[in-house]
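Contents: one structure, followed by commentary.
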Amino acid sequence: MSEHHSTGSHEEHVHLPAPTHWPIIMALGVALGFTGIVTNLGLTILGVVLALAGAIGWFRQVLPREHVENIETTVEDVLVTTTRTEVERIVVPSEDRAHLPIETYPILSGLKGGLAGAIAMVPPALIYGLLAQHSIWYPINLLGGAGVANWRNPSTADIASFHLSGLIVAGIIHIITSLLVGLLYGAMLPMLPKRPILLGGLVAPVLWTGLVHATMGVINPELDARIQWGWFLVSQITFGVVAGWVVAHSQKIYTKQSMPILMRLGFEGSGLHHEDHDQAGEDRK
Amino acid sequence: MADSTLPIQGALDITPPAARKHSILEIAHSWITTVDHKKLGILYTVFGIFWLLVGGAEAIAIRIQLAMPNNHFLSPQTYNQFFTMHGTTMVFLVGMTIIFGFANYLVPLMIGARDMAFPRLNAFSFWVTAFGGTLLYYSFLGGSGLYGVGSAPDVGWFAYAPLTARAFSPGHATDYWAISLIVSGIGTVGTAINIVATTVSMRCKGMTLMRMPLFVWLFFVVSALTLITITPLTAAQIMLTIDRYLGGHFFDTQAGGSAVAWMHFFWIFGHPEVYVLILPAFAIANEIIPVFSRKAIFGYPAMAAASVGIAFVSLGVWAHHMFTVGMTSVSNAFFTLSTMLVGIPTGIKIFNWLATMWGGKIRFATPMLFLTAFLFQFLIAGLTGIMLSVSPWDWQLHNSYFVIAHFHYVLVGALVFAIFGGLYYWFPKATGKMLSEKIGKWHFWLFIIGFHLTFDTMHVPGILGMPRSIYTYEPDRGWGPWNLVVSIGGIIQGIATLVFAYNMIVSLRKGEEAGPDPWDAWTLEWTTSSPPPDYNFAIDPVVGSRRPLWDLKHPEDPDWKYEA
Ligand code: HEM
Ligand SMILES: [Cu+2]
């Protein structure tokens with residue numbers, strides 16, 4: 001026996017994603033980007049520009065709020081139903097069981113920590129250079145040497161003198177690695193129970209120094225042959241402590257863990273969003 | 001019994017369509033910027049039908065060349081280009097796009113959603129696929145340098161190394177081939193992700209996994225399979241591009257690379273791809289056969305499970321395309337057995353379709369005609385496939401015309417027949433007009449006669465030893481008369497396809513009005529008007545069984561009594 005809920009006609013509003021030309025522009029960019037491989041580098045560049053423009057335009061269509069079209073419609077309010085008992089739809093519980101961590105550090109704190117650690121590492125490295133080889137360029141060239149192309153079997157004097165390219169390459173490697181490790185700290189520290197400085201500052205650097213020790217022969221043989229592992233460990237720990245301290249002392253924010261993954265991914269699933277209060281994460285702040 | 005000719009009362013929109021006329025420019029703009037899954041589905045389908053005509057024309061040219069011994073209609077070079085382009089077009093631009101068109105149009109409607117999970121990604125995926133396809137054909141213009149007209153790829157759709165090495169494929173045609181597949185692959189992955197996400201997250205109230213139409217189930221499986229298999233293909237294409245541009249040696253045997261590695265990469269993609277193409281045909285069958293038999297599909301859970309099983313097994317059988325390259329006999333035995341394993345879930349499916357038709361009140365409208373032929377032909381293709389999976393047999397038949405006959409039985413006899421059936425079935429939903437039944441019957445009979453003339457006959461020269469991919473042959477081999485019949489059949493199929501194109505155009509303009517539910521069907525897409533409004537359902541539907549409309553129309557005999 002089916003039930004017909006006929007309550008006559010009435011007005012409804014339906015939100016649909018607004019039309020947009022950015023996806024087609026991005027698609028054209030991607031296609032041209034590849035075509036350039038065969039024809040002309042210029043096309044690739046044009047393609048990349050178009051793809052980027054498309055991506056930016058596209059993001060602006062959905063962030064911070066999705067562009068929608070508001071369609072008015074008159075509907076006959078009749079449901080297709082049967083006597084089958086209803087099945088639960090996905091509900092968004094406000095007080096779900098806590099998943100740990102409840103709070104986390106913002107992404108920015110990881111970057112800050114990485115940067116601070118990067119700066120803090122410099123003095124120990126330079127002191128080591130001065131003490132061991134009477135040159136502050138020695139550790140820098142060792143790190144950057146991997147990027148100085150035609151560097152085969154350099155003498156110790158070579159490594160101890162100033163090379164602009166070595167400095168630049170070392171700087172880039174240093175900054176990028178530090179930022180990445182800083183990000184990792186930001187993400188992982190909340191998972192380490194209780195003593196972030198002990199674990200993040202000491203244990204983790206010791207672990208990865210061991211890892212680097214085992215693999216450096218393959219990654220950068222030059223560095224491997226000349227590295228002083230004691231000093232290496234000291235500067236790593238300096239990094240770990242400083243980065244860990246900076247991260248651990250920044251303001252924590254709530255994780256979005258009590259929102260279902262579908263919502264965090266931005267699906268437009270029926271039953272997920274309630275048209276009026278769909279920003280569940282926001283009222284936590 | 002409820003009068004099922006009454007208009008269905010669903011969440012039905014009664015807003016009259018806007019009266020205002022739109023200019024051509026406005027209409028074009030609305031199609032280019034659309035993020036509506038229905039419009040994108042139509043775009044995919046139209047795009048696919050367009051390439052079907054192109055790929056069909058290439059097939060006819062190939063068949064004219066082979067109709068007689070010592071023929072010189074095409075040059076050997078052009079012949080190679082045509083069969084390469086034909087294969088590539090049919091698999092990537094026709095099969096993949098039309099089925100994704102169906103999925104785009106129907107999946108959200110069938111699960112009672114307003115759109116796909118990621119509407120903009122959906123638009124992007126379509127356009128990237130379209131541009132990728134265009135790139136393939138651009139090789140005709142740019143293949144041997146920007147102004148060297150007339151050089152398409154000629155390495156076969158499987159592009160075996162070392163044919164693709166620079167030494168054997170100078171110019172850029174092969175690069176266009178690889179790059180176009182990389183680019184359209186991006187779109188394919190996007191759509192597959194979208195379908196998975198949509199099925200997982202957008203089902204309406206009451207639509208549990210076990211109430212989802214089998215059509216949606218199948219596309220769920222197909223999309224997962226696509227995600228797994230496009231990856232190795234793309235990796236292989238990138239490696240090929242590196243070989244050709246950066247002096248890599250992945251597939252260069254002279255420099256320590258491996259040509260067999262390409263085969264593995266290609267068939268790890270290529271065999272499951274066959275199921276990416278055939279499972280949608282099953283999906284269409286699952287909707288049409290029950291509706292026109294007036295019976296619920298037999299063994300719904302078994303059907304769903306068998307689909308997953310087929311997808312699973314298909315991932316492990318790729319090397320049956322490589323029995324003759326000299327693998328170990330253990331591998332040969334393994335791939336023979338695993339290939340035969342596919343027969344079990346496939347058999348379950350065929351049995352269940354037959355059981356669904358058994359004792360039903362079958363109406364042979366055009367969609368059902370096509371699907372009945374599909375069933376029969378798929379059965380035969382499965383049998384010749386089993387023959388090929390026995391490795392000693394394959395040593396005889398490999399690279400012969402027998403193989404071509406086999407896989408066309410599947411691709412045309414099953415997939416294309418199902419697509420035609422599906423177009424007749426859902427065209428009214430998409431356009432509001434019925435396709436003409438009279439022209440449809442012409443289309444069907446011409447096509448089925450052409451099909452059997454071509455592909456039944458084609459087995460014979462294969463057994464007589466005619467290899468595939470040859471440009472021409474000597475008159476003394478005895479293959480001539482057979483080939484002539486094959487070619488005539490091909491031309492009849494071409495004519496039938498034109499009849500179909502004509503049917504679409506005529507019916508679109510002055511076809512019979514369809515109404516929301518012309519076939520007296522059961523799934524949600526038929527509750528809304530034809531064509532559906534932009535938002536599909538004014539109110540999110542609620543379902544309580546696998547056939548919500550049946551329950552509505554037959555309250556005294558609701559479906560849930562029978563659901564297992
Ligand atoms: C019913 C189960 C099937 C079995 C047991 C089977 C078996 C085989 C085998 C053993 C071969 C290798 C022949 C050779 O190259 O010597 C083959 C080739 C082929 N099959 Fe199937 N097949 C099946 C279904 C399909 C389906 C559903 C499709 C497409 C929708 C398909 C398309 C192809 C294609 C395109 C080739 C040619 C590959 C090439 O270019 O060498 N097959 N099949
Ligand atoms: Cu296969």
Side-chain angles (χ1 to χ4, degrees), chain A residues 1-4 6 9 12 14-28 30-35 37-40 54 58 61-62 66 69 71-90 260-263 265-272, chain B residues 9-15 30 32-36 112-115 117 119-121 123-124 127-128 130-132 135 142 146 172 175-176 179 182-183 186-187 197 200-206 208 241 245 524 527 533-535 538-545 548-549 551-552 555 558 560:
Chain A
M1 277 131 287
S2 71
E3 334 163 13
H4 294 230
S6 281
S9 302
E12 279 275 327
V14 175
H15 296 287
L16 288 182
T20 161
H21 49 264
W22 293 114
I24 187 175
I25 290 180
M26 183 162 162
L28 184 63
V30 170
L32 286 182
F34 277 96
T35 317
I37 300 177
V38 187
T39 50
N40 184 322
W58 177 343
Q61 283 268 322
V62 286
E66 190 187 6
E69 261 183 338
I71 298 181
E72 250 175 60
T73 165
T74 320
V75 297
E76 211 180 328
D77 192 6
V78 181
L79 296 182
V80 184
T81 51
T82 69
T83 50
R84 286 314 296 267
T85 46
E86 279 174 12
V87 168
E88 286 290 294
R89 58 193 336 198
I90 305 172
I261 183 147
L262 297 175
M263 260 176 100
L265 290 176
F267 283 93
E268 291 145 21
S270 14
L272 280 180
Chain B
Q9 299 182 311
L12 187 61
D13 171 51
I14 56 166
T15 321
S30 85
I32 285 175
T33 59
T34 187
V35 291
D36 178 9
R114 290 235 163 96
D115 207 326
R120 295 170 196 81
L121 174 66
F124 170 76
W127 290 110
V128 126
F131 291 137
L135 263 185
L146 203 46
H172 289 308
D175 302 324
Y176 279 110
I179 286 172
I182 295 175
V183 172
I186 296 173
V200 169
S201 69
M202 311 274 291
R203 278 169 286 136
C204 71
K205 200 167 174 178
T208 59
T241 310
Y245 272 91
L524 279 182
T527 61
D534 284 348
Y535 40 83
I539 307 172
D540 287 340
V542 178
V543 298
S545 78
L549 266 69
D551 292 352
L552 196 73
W560 49 266

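Letters A, B, ... mirror the listed sequences (proteins, then strands); counts begin at 1.
Looking at B:Val183, the atoms closer than 4.5 Å to chain A (heavy atoms on both sides) all sit in the side chain, from C-beta outward. Both the backbone and the side chain of A:Ile24 have a heavy atom closer than 4.5 Å to some heavy atom of chain B.
Nearest heavy-atom pair, B:Val35 versus A:Pro17, reported as atom, atom and distance to 0.1 Å: CG2-O, 3.6 Å. Shown here for A:Val38 and B:Ile179, the closest heavy-atom pair between the two residues is CG2-CD1, 3.2 Å.
If you take CZ on B:Phe124 and OG1 on A:Thr20, they are separated by 12.5 Å, rounding to the nearest 0.5 Å.
Put simply, of A:Ile37, A:Val30, A:Val62, A:Ile25, the one with the most heavy-atom pairs under 4.5 Å next to chain B is A:Ile37. Most heavy-atom pairs under 4.5 Å with chain A: of the set B:Ile186, B:Asp175, B:Thr241, B:Leu121, this distinction falls to B:Leu121.
Proximity of A:Thr35 to B:Leu135: side-chain heavy atoms (C-beta onward) are separated by under 4.5 Å at one or more points.
The side-chain contact (heavy atoms from CB on, under 4.5 Å) check on B:Thr33 picks up A:Pro19, A:His21, B:His29, with sequence neighbours excluded. Taking A:Leu28 as the reference, A:Leu32, A:Leu50, B:Phe131 meet the side-chain contact (heavy atoms from CB on, under 4.5 Å) condition, with sequence neighbours excluded.
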